[in-house]
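Worksheet: one structure, shown below.
Atom set for the values below is all heavy atoms of this structure, side chains included, hydrogens, waters and symmetry mates excluded. First listed ligand is number 1; within each ligand, the first listed atom is number 1. Here the structure is a predicted model, which means the values were calculated and not measured.
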Amino acid sequence: EKDMQQLKERILRDGKCFEGGILKVDNFINHQMDPILMKSMAVEFVRRFASRDINKILTIEASGIAPAIMVGYLLELPVVFAKKKKPSTMENMLATKVFSFTKNNTYDVCVCKDYLQPGDKVLFIDDFLANGNAAKGVMDLVRQSGAELAGMGFLIEKAFQHGGDYLRAQGIHVESLAVIESLDGCRITLKD
Ligand code: G4P
Ligand code: NA
Ligand code: NA
């Protein structure tokens, strides 16, 4: 959409392609962060999820935290980040396993039951949607908790990895602010 033109221009200007369909955006999202752009993106999420009943924002550490807290700040809602390390004491924790294609390993994602409860209406926010494995893990945690998933918002969706197709086919309200059609030949092709 037109509103996210600045994000698309930034991706084309500062994004770097790597082998295996990886887009590095370390200049404004994953290492150095641009809070002005991050705020604009959060405003756009608020607009796109305005029709949804939400009482909590959920993300996964680490890179999801910045966009998630911006959205939580704007909506004045608490922000919960799922943790990637199992805590020493697992009592009162919900856990699921996620396979990472980029790292070729499986990791645990956990959240305390105190912060994800039946009756919660959760908006999940993250930086990237690729194969959607992290998102599937979140769906599992939300299901285990008895909470409801109100939607999932991503800064960047890599359409060629089809996680978005899966989530939308599940009936989830998915919003991605920039969609990458292809990184073939280390050329960034954006949707629109
Ligand atoms: P998936 O969850 O969509 O299936 O993807 P995958 O397992 O491949 O993603 C693992 C990690 O890599 C996630 O972050 C995800 O956000 C990130 N990621 C996936 N594709 C890209 C990409 O093209 N560029 C960048 N920069 N990141 C990508 P994470 O490892 O959990 O780490 P964190 O940065 O959130 O701590
Ligand atoms: Na991430
Ligand atoms: Na990441």
Side-chain angles (χ1 to χ4, degrees), residues 4 7-8 10-35 37-38 41-42 45 57-72 79-87 94-111 122-143 149 151-170 172-191:
M4 283 292 96
L7 169 60
K8 291 174 189 174
R10 193 70 183 266
I11 290 169
L12 293 174
R13 178 155 62 90
D14 291 332
K16 292 189 171 46
C17 281
F18 285 81
E19 217 49 60
I22 299 291
L23 177 71
K24 281 265 188 190
V25 287
D26 280 7
N27 167 287
F28 60 105
I29 292 175
N30 288 130
H31 196 10
Q32 173 170 262
M33 292 184 277
D34 180 341
L37 178 59
M38 202 65 92
M41 296 190 284
F45 280 136
I57 311 301
L58 177 65
T59 189
I60 303 183
E61 64 176 347
S63 301
I65 293 175
I69 203 161
M70 283 283 188
V71 174
V79 178
V80 178
F81 63 95
K83 302 198 176 198
K84 282 180 181 160
K85 246 203 225 109
K86 265 192 182 166
L94 301 167
T96 194
K97 290 200 182 298
V98 173
F99 176 74
S100 169
F101 277 95
T102 46
K103 285 163 189 154
N104 195 36
N105 64 12
T106 299
Y107 58 96
D108 295 292
V109 176
C110 316
V111 69
V122 175
L123 174 62
F124 176 70
I125 297 288
D126 209 352
D127 56 344
F128 272 90
L129 173 60
N131 297 289
N133 288 316
K136 287 178 196 171
V138 165
M139 287 170 66
D140 186 44
L141 289 177
V142 171
R143 185 193 54 75
L149 189 59
M152 301 184 120
F154 302 90
L155 303 180
I156 301 174
E157 173 177 346
K158 293 191 292 179
F160 58 91
Q161 290 177 316
H162 303 295
D165 296 341
Y166 173 83
L167 298 177
R168 292 179 180 101
Q170 298 299 303
I172 296 169
H173 180 173
V174 178
E175 294 286 350
S176 301
L177 303 184
V179 178
I180 313 275
E181 295 280 21
S182 160
L183 293 174
D184 289 350
C186 279
R187 221 188 110 94
I188 303 170
T189 308
L190 289 165
K191 191 176 170 188

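Heavy-atom contacts of Ala134 reach the following atoms of ligand 1: 2 (O) (cutoff under 4.0 Å). Counting the atoms of ligand 1 from 1 in the order shown, those under 4.0 Å from a heavy atom of Ala62 are 33 (P), 35 (O), 36 (O). Using a 4.0 Å cut-off to heavy atoms of Thr102, the atoms of ligand 1 that qualify are 6 (P), 8 (O), 9 (O), 10 (C), 11 (C), 12 (O). Ligand-side atoms of ligand 1 in range of Gly132: 1 (P), 3 (O), 4 (O), range being under 4.0 angstrom from any heavy atom.
Asn30 contributes atom CG, which lies 9.0 Å from atom CE of Met33 (distance to the nearest 0.5 angstrom). Note that CE of Met38 is 8.0 Å distant from CG of Asp34, once rounded to the nearest 0.5 Å. To the nearest 0.5 Å, atoms NZ (Lys86) and SG (Cys110) are separated by 6.5 Å. Here CD1 of Ile156 is found 4.0 Å from CD1 of Ile11. Values are rounded to the nearest 0.5 Å.
At a 4.0 Å heavy-atom cut-off, ligand 1 touches Asp127 through the side chain alone. At a heavy-atom cutoff of 4.0 Å, ligand 1 is contacted by the side chain of Asn30 but not by its backbone. Looking at Lys158 against ligand 1, only its side chain comes within 4.0 Å, counting heavy atoms.
The number of heavy atoms from other shown groups lying within 6.0 Å of CD1 (Ile69) does not exceed 12. Heavy atoms from other residues, nucleotides or ligands lying under 6.0 Å from NZ of Lys136 number more than 12.
A salt bridge links Lys97 with Asp108: the distance from a Lys NZ or Arg NE/NH1/NH2 to an Asp or Glu carboxylate oxygen falls below 4.0 Å.
Considering backbone and side-chain N/O of Asn131, one or more are found under 3.5 Å from N/O of ligand 1. Considering both main-chain and side-chain atoms, Leu23 comes within under 3.5 Å of ligand 1 through a nitrogen or oxygen pair. On a distance-only criterion, Phe101 and ligand 1 share at least one N/O pair closer than 3.5 Å. Ligand 1 has a nitrogen or oxygen under 3.5 angstrom from a nitrogen or oxygen of Lys84.
Residues forming a side chain to side chain donor-acceptor pair (under 3.5 Å) with Ser100 (at least two apart in sequence, or on another chain): Thr102.
For the residue pair Asn27/Arg10, the side-chain donor-acceptor check at 3.5 Å is satisfied.
Note on ligand 1: Phe99 sits in its first shell, one or more heavy atoms being nearer than 4.0 Å. In this structure, Lys103 is part of the shell of residues with a heavy atom less than 4.0 angstrom from ligand 1. Within the 4.0 Å heavy-atom cutoff, Gly163 does not count among the residues contacting ligand 1. At least one heavy atom of Gly21 sits closer than 4.0 Å to an atom of ligand 1.
Considering just the N/O/S atoms of Asp127, the one nearest the Na ion (ligand 2) carries the name OD1.
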From CA spacing to verdict: side chain to side chain contact (heavy atoms under 4.5 Å, CB included), Val179, Phe154: CA-CA 9 Å; Val179 178; Phe154 302 90; over 6 Å; no
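Sorted by first and then second residue, the salt bridge (charged side-chain N to carboxylate O under 4.0 Å, His left out) pairs with a member in residues 159-168 read Glu157-Arg168; sequence neighbours excluded.
Nearest residue to atom 35 (O) of ligand 1 from Ser100, Gly64, Ser63, Ala130 is Ser63 (criterion: closest heavy atom).
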